[in-house]
Amino acid sequence: MSDRVLMAPSILSADFTDLGSAVRLVQEGGADYIHVDVMDGHYVPNLTIGPPVVKALKRVATVPLDVHLMITNAESTVEWYLDAGADIVTVHAEACDHLHRVVQTIRSAGARPAVSLNPATPVEHVRDVIGDVDMVLLMSVNPGFGGQSFIERTIVKVRQLAALCAEEGASPLIQVDGGIDESTAPLVAAEGARVLVAGSAVFCADDPVAAMNAIRAAAESALV
């Protein structure tokens with residue numbers, strides 16, 4: 001397992017009047033991905049952005065766009081986001097009737113498929129697609145809003161997911177999203193998380209780049 005932790009700052013907490021500048025700032029400061037939260041007001045209780053914003057972000061992004069679809073109709077609309085330039089597309093296992101099909105659609109389009117689980121969903125729910133995805137995202141808050149507190153049970157779930165991957169001979173990246181900061185990052189990294197999504201801890205800081213790299217350093221300190 002890699003000893004490098006990848007950072008995916010979430011633009012959900014950035015200034016929406018100047019997203020281009022926010023993206024440039026963090027990617028020049030070392031961000032590995034740009035995390036884009038798509039919410040439909042149905043699957044989660046918030047409404048954010050859609051394909052036109054993803055397409056606009058693609059023009060300024062020099063690192064992969066990590067597009068997280070928190071929507072009820074991902075199976076019928078995923079191609080919108082693929083056409084807009086998403087490099088990684090994450091769908092929720094709970095929202096897809098035909099999870100394997102949508103994963104294959106993403107892969108066939110040349111993007112990297114990922115699947116997400118909400119806090120109350122057991123990791124067992126991804127066993128049958130674990131070998132088909134590049135990443136599994138564990139939500140460490142109930143999705144919908146930024147700035148929530150980290151759910152400590154996620155530490156156990158990361159450990160369980162790492163064990164499931166080992167059982168199945170699969171090696172997707174394990175990503176954690178929600179309440180990630182310098183105190184929680186080492187806890188999930190120690191159990192196998194290698195991609196961390198941080199929104200308010202980065203973009204609400206006085207120095208977003210310093211905050212992002214401090215989270216990465218804290219996480220990697222747990223791997224020594």
Side-chain angles (χ1 to χ4, degrees), residues 4-41 43-44 46-71 73-74 77-92 102 105-116 133-135 137 139 143-147 173 175-178 180-181 185 194-217 219:
R4 184 165 189 270
V5 172
L6 307 178
M7 294 300 301
S10 169
I11 63 166
L12 182 63
S13 298
D15 180 356
F16 269 46
T17 67
D18 198 6
L19 283 182
S21 294
V23 168
R24 291 185 186 95
L25 177 67
V26 293
Q27 65 189 11
E28 289 170 7
D32 299 283
Y33 306 144
I34 299 298
H35 192 81
V36 183
D37 289 306
V38 176
M39 305 181 189
D40 63 0
Y43 184 64
V44 294
N46 196 5
L47 186 65
T48 56
I49 62 174
V53 176
V54 175
K55 187 174 183 179
L57 291 171
K58 186 66 175 178
R59 293 198 295 268
V60 299
T62 57
V63 297
L65 289 181
D66 174 24
V67 179
H68 180 190
L69 300 183
M70 289 173 273
I71 60 179
N73 62 343
T77 63
V78 65
E79 291 181 356
W80 298 355
Y81 300 93
L82 293 166
D83 291 344
D87 298 289
I88 304 165
V89 179
T90 302
V91 297
H92 272 259
V102 71
T105 297
I106 296 166
R107 178 80 71 195
S108 296
R112 296 164 58 187
V115 62
S116 181
V133 297
D134 288 357
M135 186 163 65
L137 167 56
M139 293 301 302
F145 297 94
L173 290 168
Q175 183 179 50
V176 179
D177 180 0
I180 293 297
D181 57 24
R194 290 297 180 270
V195 185
L196 302 181
V197 178
S200 57
V202 171
F203 286 112
C204 295
D206 291 337
D207 186 337
V209 170
M212 176 183 67
N213 288 321
I215 294 170
R216 189 204 307 272

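Along the sequence shown, residues carry numbers from 1. Since this is a predicted model, take the numbers as computed values, not measurements.
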Is there a donor-acceptor pair closer than 3.5 Å between any side-chain N or O of [X] and the backbone N or O of [Y]?
X      : Y      : value
Asn213 : Gly29  : yes
Arg112 : Ile106 : no
Ser13  : Ser200 : yes

Closest heavy-atom contact between [X] and [Y]?
X      : Y      : answer
Ile11  : Phe16  : O-CE1, 3.1 Å
Ile180 : Ala185 : CG2-CB, 4.3 Å
Pro208 : Leu25  : CG-CD2, 3.9 Å
Val133 : Ala114 : CB-CA, 4.3 Å
Tyr43  : His92  : OH-ND1, 3.3 Å
Ala61  : Gln27  : CA-OE1, 3.4 Å

**OP:** Examine the side chains of Asp66 and His68 and answer whether a donor and an acceptor come within less than 3.5 Å of each other.
**Re:**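 The criterion, which ignores hydrogens and geometry beyond distance, is not satisfied for His68 and Asp66.
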Original post:
Between the side chains of Thr48 and Asp37, is a donor N or O closer than 3.5 angstrom to an acceptor N or O?
Top reply: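 Note: Thr48 and Asp37 side chains miss the donor-acceptor criterion.
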Roughly how far, to the nearest 0.5 Å, is [atom2] of [Y] from [atom1] of [X]?
X      : Y     : atom1 : atom2 : result
Ile215 : Met7  : CD1   : CE    : 4.5 Å
Ile88  : Tyr33 : CD1   : OH    : 4.5 Å
Asp40  : Leu69 : CG    : CG    : 9.5 Å
Leu19  : Arg24 : CG    : CZ    : 10.5 Å
Leu57  : Leu65 : CG    : CG    : 6.0 Å

Subject >> Partner of Val36 under side-chain contact (heavy atoms from CB on, under 4.5 Å), chosen from Val54, Val89, Thr90 >> reply: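 Of all the options given, the one that passes is Val54.
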Original post:
side-chain contact (heavy atoms from CB on, under 4.5 Å) with Ile34: which of Thr62, Val60, Val63?
Top reply: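 Of the listed options, the one satisfying the test is Val63.
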Subject >> Worked verdict on Met39 versus Leu47 for side-chain contact (heavy atoms from CB on, under 4.5 Å) >> reply: CA-CA 5 Å; Met39 305 181 189; Leu47 186 65; 5.9 Å; no
Contact check, side chains of [X] and [Y], non-hydrogen atoms, under 4.5 Å:
X      : Y      : result
Ser116 : Met139 : yes
Leu196 : Leu6   : no
Ile71  : Tyr81  : yes
Asp177 : Ser10  : no

**OP:** Mind running salt bridge (Lys or Arg N to Asp or Glu O under 4.0 Å) on Lys55 and Asp83 for me, showing each step along the way?
**Re:** CA-CA 8 Å; Lys55 187 174 183 179; Asp83 291 344; over 6 Å; no
Original post:
Going through the distances and angles, do Gln175 and Val197 end up as a side-chain contact (heavy atoms from CB on, under 4.5 Å)?
Top reply: CA-CA 7 Å; Gln175 183 179 50; Val197 178; 3.4 Å; yes
Subject >> side-chain contact (heavy atoms from CB on, under 4.5 Å) between Phe203 and Leu12, worked out >> reply: CA-CA 9 Å; Phe203 286 112; Leu12 182 63; over 6 Å; no
**OP:** Decide salt bridge (Lys or Arg N to Asp or Glu O under 4.0 Å) for Arg216 and Asp32; before the verdict, give the C-alpha distance in whole Å, the side-chain angles of both, and the deciding distance to 0.1 Å.
**Re:** CA-CA 11 Å; Arg216 189 204 307 272; Asp32 299 283; 2.9 Å; yes
**OP:** Check whether more than 12 heavy atoms from other residues, nucleotides or ligands sit under 6.0 Å from atom NZ of Lys58, and answer yes or no.
**Re:**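 For Lys58, atom NZ is crowded (more than 12 foreign heavy atoms under 6.0 Å).
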